[in-house]
Amino acid sequence: MVTQTKDTQPIWEYLKEIPDPEIPVINIIELGVIRDIKWNDDELEVIITPTYSGCPAMQEMEDDIVKVLNKHGYTKHKVTTVLSPSWTTDWMNEEAREKLRVYGIAPPMKGTADKGVLFGKMKAVTCPHCGSGDTEMKSQFGSTACKALYQCNSCKEPFDYFKCI
Amino acid sequence: MTKEEALLEYCIRLGDDSLILGHRLSEWCGHGPILEEDIAMTNIALDLVGQSRTLLTYAGEVEGKGRGEDDLAYMRSEREFKNALLTEQPNGHFGDTMARQFYFSAYYYFFLQELVNSKDETLAAFAEKSLKEVTYHLRHSSEWVIRLGDGTEESHQKIQESLENLWRYTGELFMTDEVSDMLAKEGIGVDLTQVKQKWDERVKQVLEQATLTLPEGTWMAEGGRKGVHTEHLGYILSDLQYLQRSYPGLKW
Ligand SMILES: [Zn+2]
């Protein structure tokens, strides 16, 4: 049994052990789904927000959080889901974006969330393989809810783009 | 009718719209005309079913009788479902599905834009979250309507026919009654006349761009909001509910 303090800082560290189930190169803190961690008397509450309403990975993340908390000796805890403020790719930091790129997924462009997505022109996405800006969207919907499918016109490789929301 | 009763009914209607349309789209899984569209339609289905879970869970809380999302999705009968008739219409060919999706997404997009300002915190948060997803749905279906309308002679004729056939189911989306009036007045629900105006504009604009003709029929079918459905819903429910009806309470 680990000695528990009312500090939440170590818990933020522990939760970094949990990879995104669908994109294992980034952890759930980097993904931005952990909104808050707090103590309600002797109960620990982890507040999460879904990336997409129907994202099947959310349940897995919740189970993983419970496992990690148990592993580190926290016995009384709960995971709560909130919808507002709604998750945005803007919460992903530079380091996480770079990890995505190296993994072969074009990272979401910053600050474009919600803008011009309805009928405006989509911004050019850079190919994560060769760095070319000459790319083409093949489908707005990709292998998971959070990605779109692109192809590079220079190196011809298809790739996933982590789309902005 | 009390405010709570109206709110319960409102959540059921919204939740059923996304559940039934989500189920319809999921029927495309493995049958899409091309892989990208198979993935797109199932992704949209996933968003809608996810949205429905939020709403039906909330409906259960508002009702306060201990019913959860699964009880409401799997154990209600046809007459207790309050989805709009449009959402239960068969998939038909790809153009039929895109026409249905376009009509619905255009409505839902402008509906959610208003619902974001709801005085009900849960509905407002739900709308904020869902609006981002539905923006993609509307973009996707609009692009297909344009591409098919402005495509070959055959695709043009087919999508025009799909839009005509489904037109009679669009009026119900904007019909008001005691429930919608009461909640709109309370600042919880949405003023549907505003949504209708924006919907009209959007549909007109997309059809023009698609070189298609705006359907003119004025007779509109209704019944879904009262639990009176087309024959199609029963078949959906027998598929959707089979497992829980046969083995009540079964868990993975
Ligand atoms: Zn490339």
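Residue numbers begin at 1 in each chain, while the letters A, B, ... track the order of the sequences.
- By number of non-hydrogen pairs under 4.5 angstrom with chain B, the leading residue of A:Gly54, A:Gly142, A:Ser86 is A:Ser86.
- Between the side chains of B:Trp144 and B:Glu37, at least one donor N or O lies within less than 3.5 Å of an accepting N or O.
- Using modelled atom types, one finds a donor on one side chain and an acceptor on the other under 3.5 Å when comparing B:Asp120 with B:Tyr58.
- For A:Thr144, the part lying near chain B is the backbone, with the side chain staying farther off; criterion is any non-hydrogen pair under 4.5 Å.
- The contact between B:Gln51 and chain A is made by backbone and side chain atoms together, counting heavy-atom distances below 4.5 Å.
- Taking 4.5 Å as the limit, every side-chain heavy atom of B:Leu21 sits out of range of all side-chain heavy atoms of B:Asp17.
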Intermediate values then yes/no, salt bridge (charged side-chain N to carboxylate O under 4.0 Å, His left out), B:Lys196 and B:Asp200: CA-CA 6 Å; B:Lys196 172 80 163 72; B:Asp200 281 340; 3.0 Å; yes

